[in-house]
Amino acid sequence: MCGVIGMVAKSPVNQALYDGLTVLQHRGQDAAGIMTYENGRLHLRKDNGLVRDVFSAQDMLQLQGNVGIGHCRYPTAGCSSSAEAQPFYVNSPYGISLAHNGNLTNAEAIKRDLFLEDLRHINTSSDSEILLNVFAHKLGELGKLRINESDIFGAVAGIHERCHGGYAAIAMINGYGILGFRDPNGIRPLCFGSRETDAGTEYMIASESVALDVLGFSLIRDVAPGEAVFIDLDGNLHARQCAAAPRLSPCIFEYVYLARPDSMLDDVSVYKSRLRMGRMLARKIQREWASHDIDVVIPIPDTSRTAALDLANELNLTYREGFIKNRYIGRTFIMPGQAVRKKSVRQKLNPIELEFRGKNVLLLDDSIVRGTTSEQIIEMARDAGANKVYFASAAPPVRFPNVYGIDMPAAQELLAYRRSVEDIRQTIGADYMIYQDLDDLMEAVREGNDTITSFDCSCFDGEYVTGDISADYLLALEEARGDAVRGAPLSAAGNDLGRMHS
């Protein structure tokens with residue numbers, strides 16, 4: 001889960017890229033970078049940290065040019081190091097930079113082939129650098145002094161043939177323009193838009209439409225699965241389908257948690273999809289727990305608020321804000337080690353006692369991954385005087401790792417792995433536990449765009465849409481992502497995704 005952005009404008013893009021990355025900050029808080037192009041020269045600034053901390057006024061002054069790309073990162077794979085910050089760059093051929101969101105599932109095999117057959121060296125553990133070198137090699141094979149958009153689209157087709165997984169990327173080719181492309185399943189999101197100025201039309205490509213909105217761009221549409229969109233330096237837009245058999249299967253977890261509610265993804269309003277998730281879950285409660293004695297519905301901020309509002313309305317219950325968040329605590333989801341994550345939860349959330357005392361409270365979260373946050377929040381509710389504490393999830397149980405760009409942990413660290421709902425209830429200490437059904441979740445999203453026939457729901461059902469995920473691959477993933485690698489003890493019930501959406 002990273003944020004990518006690119007622009008071809010009629011005036012300097014440095015401030016717009018900075019503002020766009022700030023809006024996309026929820027997609028990655030580990031590192032940020034911007035690269036711009038001006039009269040044959042590149043300007044780059046990237047480092048670990050939030051967007052506001054990486055770029056000083058002096059940095060911004062040096063990022064000159066009317067063309068540029070940007071990236072905000074969290075470490076899906078590799079390490080939290082400034083060497084992993086993007087964009088990445090290769091000087092041959094032409095000079096190409098790239099920013100990438102997602103994960104290649106055959107990265108190790110490609111890395112080996114790049115070295116043995118293509119004579120290219122990969123300097124980091126990031127699969128984004130691998131993706132960049134595959135693209136550069138495809139263009140280099142042409143042996144042309146000057147290339148055109150057909151050559152560029154042909155190179156993207158070569159990426160689709162060679163690279164497996166989920167990826168949405170933006171590349172800048174020196175002297176040519178900006179390219180955006182999306183994997184043949186459309187797992188990770190990417191969209192583009194335009195705005196009119198006195199000097200002419202400007203274009204932007206971004207992970208989410210909200211980045212377009214805040215900068216005054218009008219959304220044209222999402223990049224289709226397998227499609228590439230190229231904007232040349234003269235501001236001409238070119239688009240072509242580059243995959244042999246594209247099929248839209250977007251990651252459903254984008255709608256549950258990752259994307260901002262004010263974004264449109266594949267013609268679906270994230271906000272409205274979350275309202276429908278709350279409504280669907282309320283109907284399940286009516287079916288399976290009609291005799292409930294819930295007094296109040298309280299969301300666990302921030303992403304569950306939307307679903308909790310419609311759940312309360314559907315059940316004709318009181319909705320209250322029961323937790324106040326300290327927004328200056330980092331995301332527990334990406335903190336290294338279980339002990340640090342556990343300590344941060346009580347620093348991050350504080351209950352409003354009067355909303356809990358003597359009441360039967362239904363706490364709603366968007367999802368539960370490791371579960372320690374859920375367990376501690378239930379304890380906080382009891383300490384605040386709640387009579388009974390019920391717990392609901394707007395998503396189904398997360399039972400399997402994600403392999404397409406979300407840093408969900410090894411299977412053994414997932415709370416729901418090989419546990420029944422009753423086991424989960426006992427583990428987190430709730431008086432009652434209820435999850436969304438997967439069919440209802442898919443319907444809640446699909447209602448916004450009935451042309452979406454499938455989703456990547458792999459973290460819920462273990463079915464990986466690329467069809468290339470073996471037990472050996474998942475074992476290697478577990479070894480790479482486990483808390484033991486991060487220098488912390490393993491825990492059967494760890495922390496769920498951090499709640500620090502912007």
Side-chain angles (χ1 to χ4, degrees), residues 256-257 272-301 303-323 349 351-369 371-399 415-445 447 457 460-461 493 496 499:
V256 170
Y257 169 74
K272 288 188 176 181
S273 73
R274 290 176 184 168
L275 287 175
R276 291 190 290 268
M277 290 174 204
R279 199 153 58 244
M280 293 287 190
L281 187 56
R283 292 170 184 172
K284 181 177 180 180
I285 291 173
Q286 290 171 329
R287 291 193 308 270
E288 298 186 2
W289 191 24
S291 60
H292 70 80
D293 56 353
I294 303 168
D295 295 318
V296 62
V297 175
I298 295 178
I300 298 172
T303 39
S304 60
R305 283 190 172 112
T306 311
L309 185 62
D310 248 33
L311 181 146
N313 287 339
E314 186 77 9
L315 294 176
N316 197 27
L317 292 171
T318 301
Y319 169 95
R320 287 289 186 267
E321 293 284 344
F323 293 101
L349 294 177
I352 301 174
E353 185 174 312
L354 62 87
E355 296 296 350
F356 291 91
R357 185 155 301 283
K359 299 178 183 178
N360 297 334
V361 178
L362 176 66
L363 302 180
L364 176 68
D365 212 344
D366 53 75
S367 58
I368 307 169
V369 181
T372 296
T373 297
S374 306
E375 183 179 0
Q376 291 184 70
I377 288 173
I378 289 171
E379 291 176 0
M380 292 165 63
R382 294 196 191 282
D383 291 344
N387 180 35
K388 293 181 180 178
V389 182
Y390 309 128
F391 209 91
S393 169
V398 176
R399 302 188 187 278
L415 175 65
Y417 180 68
R418 293 183 177 176
R419 280 193 174 103
S420 67
V421 174
E422 175 59 21
D423 290 338
I424 295 168
R425 182 196 69 77
Q426 292 181 19
T427 300
I428 65 175
D431 292 300
Y432 189 86
M433 182 79 208
I434 190 164
Y435 279 97
Q436 184 87 264
D437 290 335
L438 182 55
D439 286 344
D440 286 345
L441 175 62
M442 289 190 289
E443 181 58 31
V445 179
E447 189 175 323
C457 301
F460 303 124
D461 61 12
D496 51 327
R499 313 296 167 187

Applying salt bridge (Lys or Arg N to Asp or Glu O under 4.0 Å), can you list everything that pairs with [X], at least two apart in sequence or on another chain?
X    : result
E422 : R425
D431 : R382
R305 : D302, E321
K272 : none

Partner set under side chain to side chain donor-acceptor pair (under 3.5 Å) for T318, not counting sequence neighbours: none
Separation of [Y] [atom2] from [X] [atom1] (nearest 0.5 Å):
X    : Y    : atom1 : atom2 : answer
I434 : I424 : CD1   : CD1   : 12.5 Å
Y432 : E288 : OH    : CD    : 6.0 Å
R320 : E355 : CZ    : CD    : 5.5 Å
I294 : L362 : CD1   : CG    : 4.5 Å
I300 : I377 : CD1   : CD1   : 4.0 Å
D365 : S374 : CG    : OG    : 5.5 Å

Flag the pair [X] / [Y] as yes when at least one side-chain heavy-atom distance between them is below 4.5 Å, and no otherwise.
X    : Y    : value
M433 : I428 : yes
L317 : H292 : yes
L349 : Q376 : no

Partners meeting ring pair (Phe, Tyr, Trp, His ring centres under 6.0 Å) with Y319 (sequence neighbours left out): none
Contacts of L354 meeting side chain to side chain contact (heavy atoms under 4.5 Å, CB included) (sequence neighbours excluded), chain-then-number -> I352
I'd like to check the side chain to side chain contact (heavy atoms under 4.5 Å, CB included) partners of Y417; sequence neighbours left out, ordered by chain and number. A411, Q412, L414
What heavy-atom pair brings S367 and V256 nearest, and what distance separates the two atoms? CB-CG1, 4.2 Å
Run the side chain to side chain contact (heavy atoms under 4.5 Å, CB included) check on F323 and M380 step by step: do they pass? CA-CA 10 Å; F323 293 101; M380 292 165 63; 4.2 Å; yes
N/O donor to acceptor pairs below 3.5 angstrom from side-chain atoms of residues 277-286, sequence neighbours left out:
| unit_1 | atom_1 | unit_2 | atom_2 | d |
| --- | --- | --- | --- | --- |
| R279 | NH1 | D310 | OD2 | 2.4 |
| R283 | NE | E314 | OE2 | 3.4 |
| K284 | NZ | Y435 | O | 2.6 |
| K284 | NZ | D437 | OD1 | 2.8 |

Using a 3.5 Å distance criterion without hydrogens, assess whether the side chain of R399 forms a donor-acceptor pair with backbone atoms of R419. yes
Crowded around R287 CZ? As in, over 12 foreign heavy atoms under 6.0 Å? yes
Could you pull out every donor-acceptor pair under 3.5 Å between side chains of residues 383-394 and any protein atom, sequence neighbours left out?
| unit_1 | atom_1 | unit_2 | atom_2 | d |
| --- | --- | --- | --- | --- |
| N387 | ND2 | N360 | OD1 | 2.8 |
| Y390 | OH | D293 | OD1 | 2.5 |
| Y390 | OH | D293 | OD2 | 3.4 |
| S393 | OG | A395 | N | 3.2 |
| S393 | OG | A395 | O | 2.7 |

